[in-house]
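This one's a predicted model, so the numbers in the text were calculated from it and none came from an experiment.
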Amino acid sequence: GRKEVEREPKAQEARGVEWSRLWARGVWATADTVEEWDNVIARAKRKGISIHIGHLFGICVEKGSKLGTITDKDGRSVPDPRKKYKYRVVFQGNRVVDQDWQAAEFMNQGSAPASMEASRMADMISCFPGNSMQQADATQAYVQALLEGVGIKPTYIHLPMDAWPEEWLPENRAKKGLPPLRRPVVRLLRALYGHPDSGTLWEKHCDKALQAQGFSPIENWSSCYWHEEKQLFLCVYVDDFKLSGPTGNLAKGWDMVKVALDIDPPEDAGLYLGCVHEKEKLTITDPCFPKGSADFEVFSWNDGDYLKSTVQRYCTLSKQITGQDVNLKWVATPFIPEEESQLAKPGEECPWCNRAFNLVECKDNQSAPLASFMRQPLKAKKGPVPAGTETEKGPKEIPEEDRGQLQPLAASMLMSLLYAARVARFDLLRAVCALASKITKWTKLCDRKLLRLIQYVNSTAHLRQYGW
């Protein structure tokens, strides 16, 4: 929040830099075109035109907050340099009105950034002999596109007072004999973050610019391009660019992109969408190779630091809820034993899936074989629905004595782990998704399963996915 920003000098510096960059890029009209909110609405009504008026606000985050520390050249532990404050000025899309003070309507066409599979394709292409891959970020991507096109109405914005230029301040206007501004607005000229149509406008702007440089869009692979002459594959995920192909052509490819778009200097494979990409050479010895061995370009995806920070966050939040330290013992799997999780009394094992199930008691109080039970058709029970069972109104209520303590943090933990699982740790998918289905009916058993999952993540944070 605002108070946190005021306490952190680096956050204040990031705020000042962002506002200055937006003013310099001409995201909205110049300061001397300022008007009062009421006057703009009155003029629109008088001329019979439709306009939108909205607000801006700032968001400050610590980019790379999950990254830990690194060891510098002197052997000291210092914060990771990729961890830094980032300030973003956003158009408040849910607080926009038209000239009649009605809720504004937008095109909401949506956008289609490159998929995770497209990113892996770029990595794979870089592993071919003589190929490489580099990545770069677009500088203030959205605001490179103009706020114009079919269905886009003239839009005016009210800036927060900490972003006002000097000439807008009451004391400076008083020196010029001007009344103080009550609700100043200026015309929004570029597709600022938060505007419901900004993503679409940036994507169209980027697509047009890249095609003008010879990059051909790949059918059914949105935001992916192929340059036939240079044999380059480019994928664009919003403002993250990945270029793969012959090493000697990468610089030429980036030069073509820079003609059309404003991007940062390209870098070799590194941190991309929160996952560390690493490339190395691997020599494999095997009699099947003509020379007895062969060299391979190997790509790895490393989420270790991200997972360690997630484990640490779980330990902190869990202790706040339970008052107890977390036992991070080593475990070999993310699952607690089936018998421990499913059986409260002796069970029988299914011959097909090898899972254990509760024994079914017959009328004579004798145990019936599981297979016989599975062959019996289900019969609907007549009469009133017993209390505590599931109905069409929703899931049954969890008894207070069986309710888990960790439900408040479960969703956050599982979604953090799910991202890592989808990016580089497929072995976590089943455990994470199974627990995610229990969020609304969280029990003490779910607490134990989540702890086991965290223990497994902590035990295997060094693992990474490889491709070649």
Here the salt bridge (Lys or Arg N to Asp or Glu O under 4.0 Å) pairs for residues 129-157, sequence neighbours left out, are none
Trp301 side chain to Asp123 side chain, donor-acceptor N/O pair below 3.5 angstrom: yes
Under 3.5 Å: donor-acceptor pair, side chain of Thr460, backbone of Leu463: no
State, yes or no, whether a side-chain contact exists between Phe91 and Ile157 at a heavy-atom distance under 4.5 Å. yes
Partner of Leu418 under side chain to side chain contact (heavy atoms under 4.5 Å, CB included), chosen from Val423, Val432, Leu435: Val432
Among residues two or more places apart or on two chains, list those pairs meeting salt bridge (Lys or Arg N to Asp or Glu O under 4.0 Å) that have a residue in residues 456-468. Glu278-Arg464
Heavy atoms of Val90 and Gly194 approach each other most closely as CG1-CA, 3.7 Å
For Trp226 and Glu228, does a side-chain donor sit closer than 3.5 Å to a side-chain acceptor? yes
Arg313 and Ser412 side chains, donor-acceptor separation under 3.5 Å: yes
Mark yes or no for whether Thr316, through its side chain, and Gln312, through its backbone, hold a donor-acceptor pair below 3.5 Å. yes
Among side-chain atoms of Ser300 and Asn302, is any donor-acceptor pair under 3.5 angstrom? no
Can you list the residues that meet the side chain to side chain donor-acceptor pair (under 3.5 Å) rule with Asp100, with sequence neighbours excluded? none
Value for CG (Leu234) from CD1 (Ile218), rounded to nearest 0.5 Å, stands at 9.0 Å
Any chance CD of Glu171 has more than 12 other-residue heavy atoms, nucleotides or ligands included, within less than 6.0 Å? yes
Tell me whether the rings of Tyr87 and Trp19 are parallel (<30°), tilted (30 to 60°) or perpendicular (>60°). tilted
Supply the atom-to-atom distance Ile53 CD1 to Arg95 CZ, rounded to the nearest 0.5 angstrom. 12.5 Å
Salt bridge Asp447-Lys438, side-chain N to carboxylate O under 4.0 Å: no
How would you list, by chain and number, every residue that makes a ring pair (Phe, Tyr, Trp, His ring centres under 6.0 Å) with Trp37, sequence neighbours excluded? His55, Trp101
Any donor-acceptor pair under 3.5 Å linking the side chain of Gln134 with the backbone of Ala269? no
For the residue pair Tyr142 and Asp239, confirm or rule out a side-chain donor-acceptor distance under 3.5 Å. no
Kindly assign one of parallel, tilted or perpendicular to the pair Trp202 and His205, based on the angle between their ring planes and the thresholds 30° and 60°. tilted
Output yes when Glu6 and Arg15 qualify as a salt bridge under the 4.0 Å nitrogen-oxygen rule, no when they do not. yes
I'd like to check Glu280 versus Tyr466 (side-chain heavy atoms, cut-off strictly below 4.5 Å). Are they in contact? yes
Any non-hydrogen side-chain atom of Tyr306 less than 4.5 Å from a side-chain atom of Ser416? yes
Taking the six-membered ring of Tyr237, is the NZ or CZ of Lys242 close enough (under 6.0 Å from the centre) and on axis enough (within 45°)? no
Answer yes or no: is there an ion pair linking Arg88 with Glu18, defined by an N-O contact shorter than 4.0 Å? yes
Leu210 versus Ser216: any side-chain heavy-atom pair under 4.5 Å? no
How would you list, by chain and number, every residue that makes a salt bridge (charged side-chain N to carboxylate O under 4.0 Å, His left out) with Arg190, sequence neighbours excluded? none
Should Leu406 and Tyr314 count as side-chain neighbours, where that means a heavy-atom distance under 4.5 Å? yes
If every non-hydrogen atom of Phe106 is compared with every non-hydrogen atom of Pro196, which pair is closest and at what distance? CD1-CG, 3.6 Å
Show me, pair by pair, the donor-acceptor contacts under 3.5 angstrom made by side chains of residues 284-296, not counting sequence neighbours?
| from | atom 1 | to | atom 2 | distance (Å) |
| --- | --- | --- | --- | --- |
| Asp286 | OD1 | Cys288 | N | 2.9 |
| Asp295 | OD1 | Thr283 | OG1 | 2.6 |

Under a 3.5 Å threshold, yes or no: a donor from one side chain and an acceptor from the other, between Tyr419 and Asp303? no
So, does Gln99 use its side chain to make a donor-acceptor pair with the main chain of Ile51 at under 3.5 Å? yes
Quick check on Lys279: does its NZ atom have over 12 non-hydrogen neighbours (other residues, nucleotides or ligands) under 6.0 Å away? yes
Counting C-beta onward and ignoring hydrogens, is there a side-chain heavy-atom pair between Leu201 and Leu146 closer than 4.5 Å? no
Would you say the side-chain atoms of Gln140 and Arg25 include a donor-acceptor pair closer than 3.5 Å? yes
Okay, side chain of Ser126, backbone of Ser132: is any donor-acceptor separation there less than 3.5 Å? no
Looking at Gly467, is its backbone amide N or carbonyl O close enough to the side chain of Arg120 to form a donor-acceptor pair, meaning the two atoms are under 3.5 Å apart? no
Before we go on, tell me: are the rings of Phe233 and His227 under 6.0 Å apart, centre to centre? no
Distance from Leu243 atom CG to Met133 atom CE, nearest 0.5 Å? 9.5 Å
